[in-house]
Structure formats: C-alpha cells, structure tokens
Amino acid sequence: MAILKVARLGHPVLRQVCPPVPRDEISTPEVQRLFDDMVETMREHDGIGLAANQVHVLLRVAVLEIDASPRYPDAPSLPLLELVNPQVTPLGEEQESDWEGCLSVPDLRGLVPRFHRIRLQALTRRGEPLDRELEGWPARVVQHELDHLDGKVFLDRMPDLTSLSFLPEWLRYGSDE
Ligand code: NI
C-alpha cells in the first residue's frame, strides 16, 4: 500500500468529471490497489472521505470512513465504505447546514447546506451492489465525495462565503455555530 499525494485546490484534476469504472475492471489489480492506497491515504491524513480525482485518478471511485477522526471528533461513526460508481438520490426536500472541510482545501471550514436524507447506490470494490439510506453527517460526507467526482468542491456549494474560516480561527470563534 502507498500513501498518495492529495491534489490541492487549483489543480485541474479536481475540476474534472470522473468517468465510471467499467464493471469488468473493478476486480483488476489496478483498481483494487487504488482502493487500498486511497484508504491508506485517507487514514494517514485523518480524512473521513476521499475521491479518486483527489489522488489524481480519473475514475468514479470514493472511500469513506468516519471513526472518531481528530479532524471531526463529534461525528457519528460510519464503517468503511468503498464505492464504485456511486449515485445519490435525495430523500425529501429537507436540507441542513453544517461545517465542512476538505483535504484538497486544507485548513478551511465553511457552512454548507446538504440534503438531510439520501439514498446511496453504488457497487462495492467486490462488484456487489450496495443500496443504503443515510441521514445526517454520513449523508453529508457522501454528498461531499460525490461532488468531487463531478469536479465540484464544498466551496461551490456555499450560498455565501461569510462563514469561511481558517481552522485555528474556526476553533476559536466559529465552531459552535
Ligand atoms: Ni473533499
């Protein structure tokens, strides 16, 4: 396994739309290794999600894991999800705003509205179908990672930028909003 370099905002790869993984390529050593490396990279950086284009690979692949990350100590846990070609459908109209950050936008936090409940459909890294309903923080992280796969970052989803904060200032002034 390897720790991969994470693209930062301004690198064009973050603005590209990732094409689907052909179903018969999921089991190839290249794709399986990509999953191993993305999980390793996410954990190394205390991330809770990572999309393939964040590590310079243009494939519709994302990993998520919420496990008492020091970057998000209050987040409810979510066991490791390794997703191929994920799709999200909002369930209901309800949205809520909460703070997000991103390994590709280091040291910034901003308030982002997201759908409260979603249906997540994807294939697993073993090519098995996954179909789940998620709400709250896990639903938020899924929406954040799927945005990456469409070339979007959380800043694009902020209706206004007045909440945008550097991490030390956010910890001092903004985190309890
Ligand atoms: Ni991100």
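What's counted below: heavy atoms across the whole structure, side chains too, no hydrogens, waters or symmetry copies. This one's a predicted model, so the numbers in the text were calculated from it and none came from an experiment. Each ligand, and each atom within it, is numbered from 1 in the order the structure gives.
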Next item on the list: Sequence neighbours left out, what passes salt bridge (Lys or Arg N to Asp or Glu O under 4.0 Å) with Arg114? Give chain and number order.
Entry: Glu100, Asp147

Next item on the list: Using the ring pair (Phe, Tyr, Trp, His ring centres under 6.0 Å) rule, collect all pairs that involve residues 147-169, keeping only residues at least two apart or in two chains.
Entry: His144-His148

Notebook entry, point to check: Looking at Asp98 and Arg109, does any basic side-chain N land under 4.0 Å from a carboxylate oxygen?
Noted result: no

Next item on the list: Applying side-chain hydrogen bond (donor to acceptor under 3.5 Å, both in side chains), name anything that partners Arg8, two or more places apart in sequence or on another chain.
Entry: none

Note to self: Using side-chain contact (heavy atoms from CB on, under 4.5 Å), reason through Val17 and Arg60 one step at a time and then give a plain yes or no.
What the structure shows: CA-CA 9 Å; Val17 177; Arg60 251 179 142 68; 4.1 Å; yes

Next item on the list: Everything protein-side that's N, O or S and under 2.8 Å from the Ni ion (ligand 1): list it, residue and atom.
Entry: Cys102 SG, His144 NE2, His148 NE2

Note to self: Under 4.0 Å between a side-chain nitrogen and a carboxylate oxygen: does that hold for Glu94 and Arg117?
What the structure shows: no

